[in-house]
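First the proteins, then the strands, lettered A, B, ... as listed; each starts at 1. Computed over heavy atoms, backbone and side chain alike; hydrogens, waters and symmetry mates excluded.
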Number of protein chains: 2
Amino acid sequence: MIPKRSKYAIQALKCLAKVYRDKKHLSIATIAEQEHIPRKFLEAILLQLRNGGMVGSKMGANGGYFLVKHPDEIVLSSIIRATGGPIALLPCVSLNFYEECIECPHEELCGLHDVMLEVREASIHILSKTSLADLILREKKLARKAESKRK
Amino acid sequence: MIPKRSKYAIQALKCLAKVYRDKKHLSIATIAEQEHIPRKFLEAILLQLRNGGMVGSKMGANGGYFLVKHPDEIVLSSIIRATGGPIALLPCVSLNFYEECIECPHEELCGLHDVMLEVREASIHILSKTSLADLILREKKLARKAESKRK
DNA sequence: ATAATATCCTACTTATCCGATAGGAATAAT
DNA sequence: ATTATTCCTATCGGATAAGTAGGATATTAT
């Protein structure tokens, strides 16, 4: 499981992506309210994303946050990583939280390691081909589908 | 990430799978030593697996644990589930640890939910086609590969 | 029978991490 | 100035995971 932190980050960035072309910025409070995220917690998360170079900020009254890259270029896997969320199911197959198993004499001979690598690759494949723009597009499709179903 | 508990469970069951055809059983102590798992912890895990009907046990001196099903029929996903390990990356797409997001008005309209479902399906697909027998087979292949590489 | 060897069962400890909060300093717009 | 906002550090409480303790119960071997 990825931490809530990562999920909140994705939601927040999705909000920012929606106003990207208008070159608008959004305040923490606005995003927090829109997405039902605890305000102070979101503050910490956005700060982390900013220090990681994923978003920009404008201080002072009428300030806020904005994306520094196009929503097409920001993919889910990098958001998860930037917020400290592990994707792999085991430490020994994690790129960012790697830890070797004491019990494995040779990692390259471990069958479980091998399988878990496959799982990781499959997950990362999906998560790094899906951008914020894709996410928004997906929601539009889902809305249309629900609409046509309701009739 | 899945808990260590689940990983230990897989290792232990792999041991039992290796002696399955000889209708042997192994004691906790034996497995613990072989796999470098804390003895008492393994005890708790095997007990859980037994109560879940995945393994059988024989009490008393010269007792131990054994598989009740063929190693072909025991897949990784069910071991992970039996030991309380989540496979999904978010609670809202988890089969066994489902929790709805307060922030999502309609789950069916959430793009993230949609993507995470895909990730879950991909992971489960791999984990439920891989059995203990496959795991052992994989290790044999890896060993052969390493052998031919060493030359 | 008795001793030795196992599993069974419940409860506990301990450490770590996660989610969330507090409080104020710095900065910019009006 | 006042107000709105980000920036920064520190902290708290609760949950969960990993591992431990100790004894009850069952079986085998001698």
Task: Partner residues of B:Ala61 under the side-chain contact (heavy atoms from CB on, under 4.5 Å) criterion, sequence neighbours left out - done: none
TODO: Give a yes or no on whether the backbone of A:Asn62 and the side-chain of A:His25 come within a donor-acceptor separation of less than 3.5 Å.
DONE: yes
Open item on the list: Is B:Ser57 close enough to C:dA6 that one of its side-chain N or O atoms is under 4.0 Å from OP1 or OP2 there?
Closed with: no
Open item on the list: From CD of A:Gln48 over to C1' of C:dA20, roughly how many Å is that when rounded to an integer?
Closed with: 14 Å
Open item on the list: Walk me through whether A:Ile31 and A:Leu16 qualify under side chain to side chain contact (heavy atoms under 4.5 Å, CB included).
Closed with: CA-CA 9 Å; A:Ile31 301 173; A:Leu16 296 179; 3.9 Å; yes
Open item on the list: How many whole angstroms separate atom CG of B:Asn51 from atom C1' of C:dC9?
Closed with: 10 Å
Open item on the list: Going by side-chain contact (heavy atoms from CB on, under 4.5 Å), name the residues that satisfy it together with A:Ile136, two or more places apart in sequence or in a different chain.
Closed with: A:Lys14, A:Ala17, A:Lys18, A:Lys140
Open item on the list: For A:Glu33, I'd like to know if atom CD has over 12 heavy atoms of other residues, nucleotides or ligands within 6.0 Å.
Closed with: no
Task: Within residues 74-90 of chain B: residues closer than 4.0 Å to DNA chain C (heavy atoms) - done: none
Open item on the list: Please compare A:Ile2 and B:Tyr65 by the position of their nearest nucleotide in DNA chain C and report the one closer to 5'.
Closed with: B:Tyr65
TODO: Provide, to the nearest angstrom, the distance between the CD1 atom belonging to A:Ile37 and the C1' atom belonging to C:dT21.
DONE: 16 Å
TODO: On DNA chain D, reading 5' to 3', which nucleotide is the first and which the last to sit with an atom under 4.0 Å from a heavy atom of chain B, could you check?
DONE: D:dA18 to D:dT28
Open item on the list: So, taking the atom named OG in B:Ser123 and the one named CG in A:Leu89, what distance separates them when rounded to the nearest 0.5 Å?
Closed with: 6.0 Å
Protein-nucleotides 12-16 of chain C N/O pairs under 3.5 Å:
none

- [ ] Quick one: pull up CD in B:Glu107 and SG in B:Cys92 and give me the separation to the nearest 0.5 Å.
- [x] 5.5 Å
Task: Whole angstrom value for the distance that separates P of C:dA20 from CG of A:Leu46 - done: 14 Å
Open item on the list: Test of understanding: with salt bridge (charged side-chain N to carboxylate O under 4.0 Å, His left out), list the residues that count as partners of B:Lys40, not counting sequence neighbours.
Closed with: B:Glu43
Open item on the list: Test your reading of the model: is there a side-chain donor-acceptor pair from B:Arg5 to the backbone of B:Gly84, 3.5 Å cut-off?
Closed with: no
- [ ] Report the C-alpha distance between B:Leu109 and A:Glu139 in whole Å, list the side-chain angles of each, state the deciding distance to 0.1 Å, and finish with yes or no for side chain to side chain contact (heavy atoms under 4.5 Å, CB included).
- [x] CA-CA 6 Å; B:Leu109 301 180; A:Glu139 295 195 344; over 6 Å; no
Open item on the list: Just to verify, what does B:Phe41 make a ring-ring contact (aromatic ring centres under 6.0 Å, His included) with, not counting sequence neighbours?
Closed with: B:Tyr8
Task: Residues forming a salt bridge (charged side-chain N to carboxylate O under 4.0 Å, His left out) with B:Arg138, sequence neighbours excluded - done: A:Asp114, A:Glu118
Task: Residue pair A:Gln48, A:Asn51: steps toward the side chain to side chain contact (heavy atoms under 4.5 Å, CB included) verdict - done: CA-CA 5 Å; A:Gln48 186 179 25; A:Asn51 291 334; 5.9 Å; no
Task: DNA chain C contacts made by residues 8-26 of chain B, counting heavy atoms under 4.0 Å - done: none
Task: Interatomic distance where CG belongs to A:Leu42 and P belongs to C:dG19 [whole Å] - done: 13 Å
Task: Test item: A:Arg81 side-chain N/O and A:Asn96 main-chain N/O as donor-acceptor pair under 3.5 Å - done: no
Open item on the list: Under the rule for ring-ring contact (aromatic ring centres under 6.0 Å, His included), what residues qualify as partners of A:His70, not counting sequence neighbours?
Closed with: A:Tyr20
- [ ] Taking the side chain as every heavy atom from C-beta outward, state whether B:Leu76 and B:Leu135 have any pair of such atoms under 4.5 Å apart.
- [x] yes
TODO: Assign a letter to each nucleotide of nucleotides 23-30 of chain C from its 5' end: B, base within under 4.0 Å of a protein heavy atom; S, sugar-phosphate only; -, no contact.
DONE: BB-BBBS-
- [ ] Specify the angle, to 10°, made by the local axes at the two ends of the helix from C:dA1-D:dT30 to C:dT30-D:dA1 when five pairs are taken at each end.
- [x] 10°
Open item on the list: For a 4.5 angstrom cut-off between non-hydrogen side-chain atoms, does A:Tyr65 reach A:Ser57?
Closed with: yes
Task: Within-4.5 Å side-chain heavy-atom neighbours: B:Leu127 and B:Val75 - done: no
